[in-house]
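Okay, structure first, notes after.
We count residues from 1, following the sequence as given. In this text, all values refer to a predicted model and were calculated from it rather than measured experimentally.
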Amino acid sequence: MSSMNTDAGMPISITLEPGVYYRCTCGQSGSLPFCDGHHQSGEHTPIRFEVKIRERVYLCSCGKSHNQPHCDGSCGVALP
Ligand code: FES
């Protein structure tokens with residue numbers, strides 16, 4: 001990770017190295033936006049995603065995206 005934008009209601013822009021990541025969906029993680037295992041079983045499960053090359057990704061923080069965990073613009077923010 002090199003940088004992160006965590007403004008509420010905006011996609012979280014973050015540069016990630018290749019690897020497998022788990023997006024927290026319960027909000028209890030101490031490592032947001034990533035899961036650290038704090039979720040209770042059942043209701044909230046982390047969303048697994050993979051990054052193949054070092055790249056900037058835009059993670060949804062509004063819950064409206066149809067392409068979770070990625071922002072799809074449903075929030076009204078135009079992605080670069
Ligand atoms: S932040 Fe949710 S769709 Fe953009």
Aromatic ring pairing Phe34/Phe49, orientation class (parallel under 30°, perpendicular over 60°, tilted between): parallel
Gap separating the OH atom of Tyr21 from the CD atom of Glu50, nearest 0.5 angstrom: 10.0 Å
Side chains of Pro11 and Cys75 in contact at under 4.5 Å (non-hydrogen atoms): yes
Shortest non-hydrogen contact from Asn67 toward Asp72: N-OD2, 4.1 Å
Considering all heavy atoms, the nearest Pro46-Cys35 contact: CB-CB, 3.7 Å
Closest approach of Leu32 to Ser29 (non-hydrogen atoms, all atoms of both residues): CG-O, 3.5 Å
Tyr22 with Ile47, same ILVMFWY side-chain cluster at under 4.5 Å: no
Side-chain donor/acceptor of Arg23 to backbone N/O of Cys60, under 3.5 Å: yes
Minimum heavy-atom distance His66-Ser74, with the two atoms named: CD2-OG, 4.0 Å
Expected output: side-chain Ser13 to main-chain Tyr58 donor-acceptor under 3.5 Å: no
Separation between OG1 of Thr15 and CD of Glu55, rounded to the nearest 0.5 Å: 9.0 Å
Shortest non-hydrogen contact from Pro33 toward Ile12: CB-CD1, 3.9 Å
Test item: Asp36 side-chain N/O and Gly30 main-chain N/O as donor-acceptor pair under 3.5 Å: yes
Backbone N/O of His44 and side chain of Thr25: donor-acceptor pair under 3.5 Å: no
Leu59 vs His70 side-chain heavy atoms within contact, under 4.5 Å: yes
